[in-house]
Amino acid sequence: MGWDGSPILVFAVFALSLVNLNPPPAVIAKTPCHFPAIFNFGDSNSDTGGLSAVFGQAPPPNGMSYFGHPAGRYCDGRLVIDFLAESLDLPYLSAFLDSLGTNFTHGANFATAGSTIRPQNTTLRQSGFSPVSLNVQYYEFHDFHLRSQVLRKRGGVYETLLPKEEDFSNALYTFDIGQNDLTSGYFSNMTVDEVKAYVPDVLDQFQTIIKYISDIGGRYFWIHNTGPVGCLPYVMEHIPVLAGQIDRYGCASPFNEVAQFFNRGLKNTVEQLRKDLPHAAITYVDVYSVKYSLISQGRKHGFNQTLRTCCGHGGKYNYNKKLGCGGKVHTHGKDVLVAAPCKDPSSHVNWDGVHFTEGANRYIFERIVDGSFSDPPNPLNMACHRN
Ligand SMILES: *[C@@H]1O[C@H](CO)[C@@H](O)[C@H](O)[C@H]1NC(C)=O
Ligand SMILES: *[C@@H]1O[C@H](CO)[C@@H](O)[C@H](O)[C@H]1NC(C)=O
Ligand SMILES: *[C@@H]1O[C@H](CO)[C@@H](O)[C@H](O)[C@H]1NC(C)=O
Ligand SMILES: *[C@@H]1O[C@H](CO)[C@@H](O)[C@H](O)[C@H]1NC(C)=O
């Protein structure tokens with residue numbers, strides 16, 4: 001170190017002391033949170049292997065862009081929950097239902113693709129909805145909480161695979177669920193008004209689960225609202241709407257309006273929860289707006305295709321329900337991959353008609369991580385502070 005740096009140092013010290021003479025009133029410096037674990041609840045938007053473990057692996061080319069093989073995710077790569085874990089310096093979450101190679105030291109993922117908040121009265125085979133609804137995810141979590149501690153006391157390898165007791169109260173509890181509660185009504189031919197009519201019941205059940213988790217020690221909650229489902233091929237292909245109900249970006253407005261109706265209700269639910277749980281810090285994250293702006297202004301952000309899938313087959317949106325991403329047909333004695341991926345998934349918003357590409361997930365993560373879409377507007381690493 002020569003003399004060159006010194007005047008700057010002197011000036012910096014001087015400037016600091018000036019600031020210290022007049023501290024802004026009532027501003028308390030917040031320290032970043034230390035989340036030792038994430039416990040996630042949700043559907044395919046955040047499933048890292050739950051449904052795959054129980055009902056068969058998501059087929060190739062899922063996972064092609066990042067993992068190089070299917071990785072229990074309905075995506076070419078990472079999900080928003082993966083980027084959230086990375087940014088908190090935590091490993092990717094193991095699925096609770098996966099019995100092979102899992103490590104729950106830094107959390108567990110209870111989400112499964114097709115999950116709803118309310119239990120459905122149909123099977124996965126009949127309707128495509130997962131039997132692991134949010135209440136079931138809670139039973140699993142409750143069991144995990146108790147039994148992980150019993151096992152941990154045995155020491156040895158168990159201590160290196162399971163979270164510490166205190167990690168449960170310091171963990172971040174993340175939620176991304178509700179989309180399938182809306183589509184389950186549409187797919188059983190309900191009108192938009194009929195779907196709206198049961199939304200309060202869905203939100204009631206959501207609220208109950210947050211309270212249960214709080215009762216057993218959870219304090220920090222990070223809740224995603226639901227996305228613009230009216231912009232997704234699996235909804236647009238199967239429930240035709242009138243021409244006048246298509247917005248200027250090609251999305252089906254009635255379904256987006258119900259999603260926004262759900263989200264207004266969710267926001268009120270979160271406000272009520274803040275009153276009922278005075279020790280909880282609950283962050284509501286407006287993922288809807290991020291996803292909608294990505295779809296409406298995709299080109300500006302390097303996405304050429306905003307509605308058509310990257311991986312699918314046929315039709316207006318390169319999507320066929322019967323021949324989903326990775327789907328093959330048997331011709332001339334051979335299985336031929338018909339629903340193949342596009343050359344450049346990162347130029348597409350939509351991966352398979354239902355889910356976003358890794359590129360889109362990264363875009364969403366980058367917009368939400370700093371708190372710009374959150375209420376209160378805390379960044380992810382400040383989500384333990386109650387405003
Ligand atoms: C399933 O059936 C029960 C009993 O009839 C009913 O209360 C519940 O609302 C139904 N669930 C859904 C998602 O329709
Ligand atoms: C599980 O993960 C933790 C943290 O990443 C690591 O310290 C531990 O050794 C792992 N356990 C096993 C058995 O690999
Ligand atoms: C919805 O209506 C379509 C067309 O009328 C019919 O084919 C389908 O079976 C109905 N689905 C349900 C769940 O009622
Ligand atoms: C987007 O489309 C334009 C015109 O078709 C093409 O020149 C460009 O390479 C595409 N960009 C990406 C990222 O695919």
Side-chain angles (χ1 to χ4, degrees), residues 34-40 43 48-49 81-82 84-96 98-109 112 114-138 144 148-149 151-168 170-172 177-209 226 229 234-242 252 254-255 258 262 265 320-322:
H34 172 66
F35 298 117
I38 298 174
F39 295 105
N40 182 66
D43 56 26
T48 56
I81 189 69
D82 294 316
L84 292 174
E86 273 181 21
S87 84
L88 293 173
D89 284 324
L90 298 174
Y92 300 137
L93 295 180
S94 289
F96 171 78
D98 199 348
S99 48
L100 295 170
T102 41
N103 185 334
F104 299 115
T105 308
H106 296 290
N109 193 352
T112 71
S115 287
T116 48
I117 293 171
R118 292 200 305 176
Q120 301 298 300
N121 295 318
T122 56
T123 66
L124 181 92
R125 214 184 169 82
Q126 289 165 325
S127 62
F129 294 106
S130 165
V132 188
S133 44
L134 185 60
N135 60 322
V136 178
Q137 296 182 24
Y138 169 74
F144 178 82
S148 61
Q149 298 315 300
L151 276 172
R152 230 180 163 266
K153 292 201 179 81
R154 289 192 195 167
V157 70
Y158 295 110
E159 268 179 2
T160 76
L161 287 172
L162 296 165
K164 300 186 189 81
E165 174 64 40
E166 63 265 31
D167 293 348
F168 285 91
N170 293 320
L172 186 66
I177 193 161
Q179 176 173 326
N180 294 319
D181 288 275
L182 305 182
T183 58
S184 73
Y186 307 144
F187 293 151
S188 55
N189 293 341
M190 284 187 176
T191 65
V192 157
D193 286 334
E194 285 169 325
V195 172
K196 274 186 171 176
Y198 69 65
V199 164
D201 184 34
V202 175
L203 292 169
D204 260 11
Q205 298 199 25
F206 180 80
Q207 183 170 19
T208 301
I209 299 300
T226 201
V229 74
Y234 85 117
V235 171
M236 292 193 286
E237 271 286 301
H238 290 276
I239 316 160
V241 294
L242 303 172
F255 306 122
V258 181
F262 174 89
N320 180 335
K321 189 184 178 187
K322 296 205 173 79

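Every value quoted in this text rests on a predicted model; they were computed, and no experiment measured them. Side chains are part of it too, since the values below use all heavy atoms of this structure and drop only hydrogens, waters and symmetry mates. Counting starts at 1 for both ligands and their atoms, in listed order.
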*From the options Thr48, Ile177, Asn109, select the one residue that forms a side chain to side chain contact (heavy atoms under 4.5 Å, CB included) with Asn40.*
Asn109
*State the atoms of ligand 2, each with its element, that fall below the 4.0 Å cut-off from a heavy-atom position in Thr105.*
1 (C), 2 (O), 3 (C)
_Taking every non-hydrogen atom, the tightest pair across Pro163 and Phe39_ = CG-CZ, 4.3 Å
_Which heavy atom of Gly178 sits nearest to which heavy atom of Phe262, and what is that distance?_
CA-CZ, 3.9 Å
*Counting only heavy atoms not in Lys321, do more than 12 fall under 6.0 Å of its NZ?*
no
Could you go through ligand 1 and list every pair where one of its N or O atoms sits under 3.5 Å from a protein N or O, giving the atom names and the distance to one decimal?
unit_1   : atom_1 : unit_2 : atom_2 : d
ligand 1 : 2 (O)  : Asn121 : OD1    : 3.4
ligand 1 : 2 (O)  : Asn121 : ND2    : 2.3
ligand 1 : 11 (N) : Asn121 : ND2    : 3.0

*Qualifying residue for side chain to side chain contact (heavy atoms under 4.5 Å, CB included) with Thr116, from Ser127, Ser130, Ser133, Pro131*: Ser133
*Does an N or O from Thr160, backbone or side chain, lie closer than 3.5 Å to an N or O of ligand 2?*
yes
_Side chains of Asp193 and Thr191, donor plus acceptor under 3.5 Å_ = no
*Let me know which of Asn135, Asp181, Ile209 forms a side chain to side chain contact (heavy atoms under 4.5 Å, CB included) with Ile117.*
Asp181
